[in-house]
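If you're wondering where the values come from, they're calculated on a predicted model, not measured in any experiment. Chain letters run A, B, ... following the sequence lines, proteins first and then strands; every chain starts at 1. Atom set for the values below is all heavy atoms of this structure, side chains included, hydrogens, waters and symmetry mates excluded.
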Amino acid sequence: MRGKKTFMGKEALTKVFEPRTAEARWYQYWLDNDFFHAADESAKKPFSIVIPPPNVTGMLHMGHALNNVLQDICIRYRRMQGYNTLWMPGMDHAGIATQNVVEQELAREGLTRHDLGREKFIERVWEWKAKYGGVIIHQLKRLGCSCDWSRERFTMDEGLSRAVREVFVRLYNDGLVYRGDYIVNWCPRCRTAISDLEVEYRQEAGHLWSIRYPFVEGEGGIVVATTRPETMLGDTAVAVNPGDERYRELVGREVVLPLMNRRIPVIADDYVTMEFGSGAVKITPASDPNDFAMAERHRLDIIRIMDEGAVINKNGGAYEGQDRYECRRNVVRDLEAGGYLVGTEPYAHNIGQCYRCKTHIEPAVSRQWFVRIAPLARAATAAVITGKTRIIPSSWEATYFDWMNNIRDWCISRQIWWGHRIPVWNCEGCGRMIVAARDPDRCPDCGGAALGQEEDVLDTWFSSALWPFSTLGWPERTGALATFYPTSLLVTGFDILFFWVARMMMMGIYVMKEVPFRDVYLHALVRDEQGEKMSKSKGNIIDPLEMMDRFGTDAFRFTLAAFTAQGRDVRMSEERIEGYKYFVNKIWNATRFSMMHIGEDAARYVVRREDASVADRWIQSRLNRTVVEVVRGLDEYRFNDAAAALYQFIWHEFCDWYLELVKPVLYGNDDDAARRAAQKTLVDVLQTSLRLLHPFMPFLTEEIWQTLVADGSSVMVSEYPAPDEAASDPDAEREMALIMEVITRIRNIRGEMNIAPSLKLRATLVAPGGELQATLEKGRVAITILANLAGLTIAGGAAEQKGAAMAVAGPVQVYVQLAGVIDIAAEESRLQKEIARVDKDLAVVSRKLGNPEFLAKAAEAVVRKEQEKARELGEKRAALEAARTRLSTLAAGG
RNA sequence: GGGCGGGUAGCUCAGCCGGGAGAGCGCCACGCUUACACCGUGGAUGUCACAGGUUCAAGUCCUGUUCCGCCUACCA
């Protein structure tokens, strides 16, 4: 253990918890003590997570908050369990996004990146990064993230750049990377190719134009339908289905392309759907992926009619210089004027747009680099099938497999400047292409030194795909890599399952011969209260920083955990966060109360078992049950279950019941041993609860721990509670359940009968059997105080209870003397209601027991349970009925 | 077109392997009881989307219908 700075514990907790100061103080304390640090070598078992690197341009939003809080919960949990934990942090250079940001900055100065030139521009981006980049890192710290910041990486740093080059070269040498002229998704605004995944499709209202292409010879023509008339300028064929009777004899003939006066052939291809439109399709190989594929099959000409900005080029004849939409209007106008336009109808269709800038994608043919990933996909699929990597929730497996099985080559080149420049050089002397991890000096063939490097950079996701091993030092054989690869867990949103997770799987297996992670937990998207996706344009963004400011980070974190049910979106709601702020307050005050009543050394008390009250044993047993649930929840990534178990236990068992139950013991002077037992229990339960809660609420728990325990230790490196069968105490649970029900019954009578809470009542409990009476006797003080009684009689046989309200708590009859104040009508209706309720239950049970098939086929235990239930309900009903009879006698008697 | 998820209390949702419908918030009543009014006590509220089926038993399993989301896809 490294040197530890201690924080001087305060005498007592302040009246209210102050999140802001506590958060800053404890985060610094953790840093100062190096608690986030992971050792490259350790006797402890490793547990590692690599962060989904946020964009260097990123600002913390709800998605980040959820993602990182879940990771922090997992990492703190494992750390406390004694693992050598590494949470590897870092950022992504986010090629297009970052370049856009810096270009916008330049635009404000009236400059473009071309004014600066490539080198200066890149410098400018680095300057931008130094100045503004990494805001999100500070924001992650505010969330409490316990990353090992000493290892922070950036996808463009030296080590990672080297990894990128190494992998590229390997892929190339293995024949998995190639360059070629193919049709790709082109963004005319970003002026770069993007991958299939980076295209977002949205339905938009458009038109379907029908155009007649006249035959070269003879009368008539053929009608084609299109949503993009301007692309006709580049048409090189018209296609029909080979099985289409209507067009059978037209195949092989030629038509004249209107406006261009070019002769193009009519061809036959299975791709064409006979039922759609006229059954004939215009083919524009340079502007449509399907047409491009057809051009390859039929060796058609490929005519590019647009430039990089989607402006018509010289191949567009008279339309040269026009923007694609301007051109569309003009083409339609001219077609109409020429009598070629046969029809126009409104038509809704999907249009692809750039996921970065939302500009309409222009499919275009260009020279790009591709990765052939199908062979890598097979291994990535197998890894999940064999369970080497688990996807949680498993419902995502199907989606993963589907994508892997239909995978297409990945376009990895981008025509931008900010990114990893492709490590390929072309010799100006002999034209030789050199693919190398290190910059070559001269051409190996001709020895020439005039080598020009490829202009393109790699898709940002290329470097992200290497993240699990590149951040650990690969291609060096580092200790970190040996210790932490494969990583234990990846936590990320399902929206980047293909972008990132799938590619990391492929690259990890390809490069490391081992999967990159054991578990992949995919969490949901965060939406607003109405279930809408949060977006700036809708103005429904809930800012996590604001939430932390207003409600405290712990409340915010707990809310996220409580909302994270598997397979469902998270609907964020300020009200819920506020609710958990109240929970924070509750815990704070429960501790304050406890500390007022326990001595300095209560934690060291040794309590004999016989001195522990049933309440003491009960709360310990319940706590153990909670430990079981929380641990299971965290092990199974059921964060909401874990959070709910904690909430329920702390608020509704510990605070609502246990604290009330121990008050008489703490206040009283008569029983020192019992008081010490209670104090000891109080401290133990509190400390265990804090440890359990710590991954969810790191700041609050540390603040309390430092004051409560005050021995210089930190809760964040204390041992996480483990289930302990010895603490399980079914007897105490059963006994307390009865005592609690008796108290609730009496309170219920008070409420229902409208009796002032201040009025002390007398009650009689009638219990058959000495054991039950003994149990009630143990609860005598608790019942008296919590039900606010002036006197309590515990009896064996039915006594005449004149003027008493009556209720049943299991086998115990509860009488509350209301002599003088009893409202007979009210009591009558109360009993009536109770009887009706019992009758309803009884009817269900009797129906089952009256069914011979149930008796014959149901499990024996189930039958026995039903029989027991029937007996209890019967007894309860009889007692209530008797009370009602007495009541009517009383009423009749006056 | 294909795939996935969902329709449970006024709202937001939880309900694992089928065996007495739950939580939080909201609502109603009462209470400033010396940890907490960011609180306490008590209470009301559900044809578990619909229709079939399997089963002794279905919110839970199966089939179909319907509505709502999301993902995915080359019908111009």
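Using a 3.5 Å distance cut-off with no hydrogens or angles, the side chains of A:K282 and A:T284 do pair a donor with an acceptor. In this structure, a donor-acceptor pair under 3.5 Å is absent between the side chains of A:K581 and A:T559. Checked by atom type, the side-chain pair A:N589/A:R592 shows a donor-acceptor distance below 3.5 Å. One side chain, A:E198 or A:S195, offers a donor N or O that lies under 3.5 Å from an acceptor on the other. Side-chain atoms of A:Y213 and A:D235 include a donor-acceptor pair closer than 3.5 Å.
Nearer the 5' end of RNA chain B, as judged by each residue's closest nucleotide, is the contact made by A:S594, out of A:S594 and A:N851.
B:U66 is paired with B:G7 under the Watson-Crick or G-U wobble criterion, all donor-acceptor distances under 3.5 Å. Across all strands shown, B:U54 has no partner, as no Watson-Crick or G-U wobble contact with both distances under 3.5 Å is found. Base pairing annotation: B:G42 forms a Watson-Crick or G-U wobble pair with B:C28, both donor-acceptor distances under 3.5 Å. With a cut-off of 3.5 Å on both pairing distances, B:A21 has no Watson-Crick or G-U wobble partner at all. B:A14 makes up no base pair with any nucleotide shown, lacking Watson-Crick or G-U wobble contacts both under 3.5 Å. Base pairing annotation: B:G1 forms a Watson-Crick or G-U wobble pair with B:U72, both donor-acceptor distances under 3.5 Å. For B:C36, there is no paired base (Watson-Crick or G-U wobble, both distances below 3.5 Å).
For A:H597, whose side chain is taken as the heavy atoms from C-beta onward, the closest listed nucleotide among B:C56, B:A35, B:G24 is B:A35. With B:A35, B:G19, B:C30 as the choices, the nucleotide that has an atom nearest any side-chain atom of A:P757 turns out to be B:C30. Nearest nucleotide to the A:L659 side chain, out of B:G31, B:C74, B:A35: B:A35.
Note that A:R747 lies in the cation-pi zone of A:W657, set by a 6.0 Å cut-off to the ring centre and a 45° limit from the axis.
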**OP:** Decide yes or no on salt bridge (charged side-chain N to carboxylate O under 4.0 Å, His left out) for A:E578 and A:R550, but give the supporting numbers first.
**Re:** CA-CA 9 Å; A:E578 189 177 26; A:R550 284 173 52 197; over 6 Å; no

**OP:** Show your working on side chain to side chain donor-acceptor pair (under 3.5 Å) between A:D269 and A:N241 and close with a plain yes or no.
**Re:** CA-CA 5 Å; A:D269 194 289; A:N241 191 288; over 6 Å; no

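To the nearest whole angstrom, the two P atoms, one in B:G40 and one in B:U33, are 14 Å apart. B:U8 sits 7 Å from B:G59 when the C1' atoms are compared, rounded to a whole Å. Straight-line distance between the P atoms of B:A9 and B:C48: roughly 10 Å, to the nearest whole Å.
Between A:W651 and B:G40 there is a side-chain N or O to OP1 or OP2 distance below 4.0 Å. The phosphate of B:G20 has neither OP1 nor OP2 within less than 4.0 Å of any side-chain N or O from A:R837. OP1 or OP2 of B:G24 sits under 4.0 Å from a side-chain N or O of A:H652. In terms of phosphate contacts, A:N748 brings a side-chain nitrogen or oxygen within less than 4.0 Å of OP1 or OP2 of B:G43. Between A:Y667 and B:U33 there is no side-chain polar atom (N or O) within less than 4.0 angstrom of OP1 or OP2. One finds a side-chain N or O of A:K15 lying less than 4.0 angstrom from the OP1 or OP2 phosphate oxygen of B:C36. Between A:K869 and B:G19 there is no side-chain polar atom (N or O) within less than 4.0 angstrom of OP1 or OP2. Phosphate contact (OP1/OP2 of B:G15, side-chain N/O of A:R638, threshold under 4.0 Å): present.
Side-chain N/O atoms of A:E752 and base N/O atoms of B:A29 include no donor-acceptor pair closer than 3.5 Å. On a pure distance criterion of 3.5 Å, no polar donor-acceptor pair joins the side chain of A:K586 and the base of B:C38.
In this structure, CH2 of A:W657 is placed 20 Å from P of B:C36, rounded to the nearest angstrom. Nucleotide B:C39 holds its C1' atom 14 Å from the NZ atom of A:K581, rounded to whole Å. Across the protein-nucleic acid pair, A:R328 atom CZ and B:A76 atom P stand 13 Å apart, rounded to whole Å. Atom P of nucleotide B:A76 and atom NZ of A:K282 are separated by 13 Å, given to the nearest angstrom. Atom pair A:D269:CG and B:A76:P shows a separation of 16 Å (rounding to whole Å applied). Rounded to whole Å, the distance from CZ on A:R747 to C1' on B:U33 is 11 Å. As a whole-Å value, the separation of A:Y647 OH from B:C13 P is 18 Å. Rounded to whole Å, atom P of B:G43 lies 11 Å from atom CZ of A:R830.
Its glycosidic angle being more than 90° from 0, B:C13 falls on the anti side.
With respect to A:R871, the side-chain contact (heavy atoms from CB on, under 4.5 Å) criterion is satisfied by exactly one of A:E875, A:K869, A:Q867: A:E875.
The two residues A:Y580 and A:M697 come nearest to each other via the heavy atoms O-CE, 4.5 Å.
A:A856 comes within 4.0 angstrom of no nucleic acid atom, judged by non-hydrogen atoms across all strands. Counting any heavy atom pair closer than 4.0 Å across all strands shown, A:P289 reaches no nucleic acid atom. Across all strands, A:T399 comes closer than 4.0 Å to no nucleic acid atom at all (heavy-atom distances).
Contacts between residues 346-353 of chain A and RNA chain B, defined by a heavy-atom separation below 4.0 Å, involve A:Y347, A:N350, listed by number.
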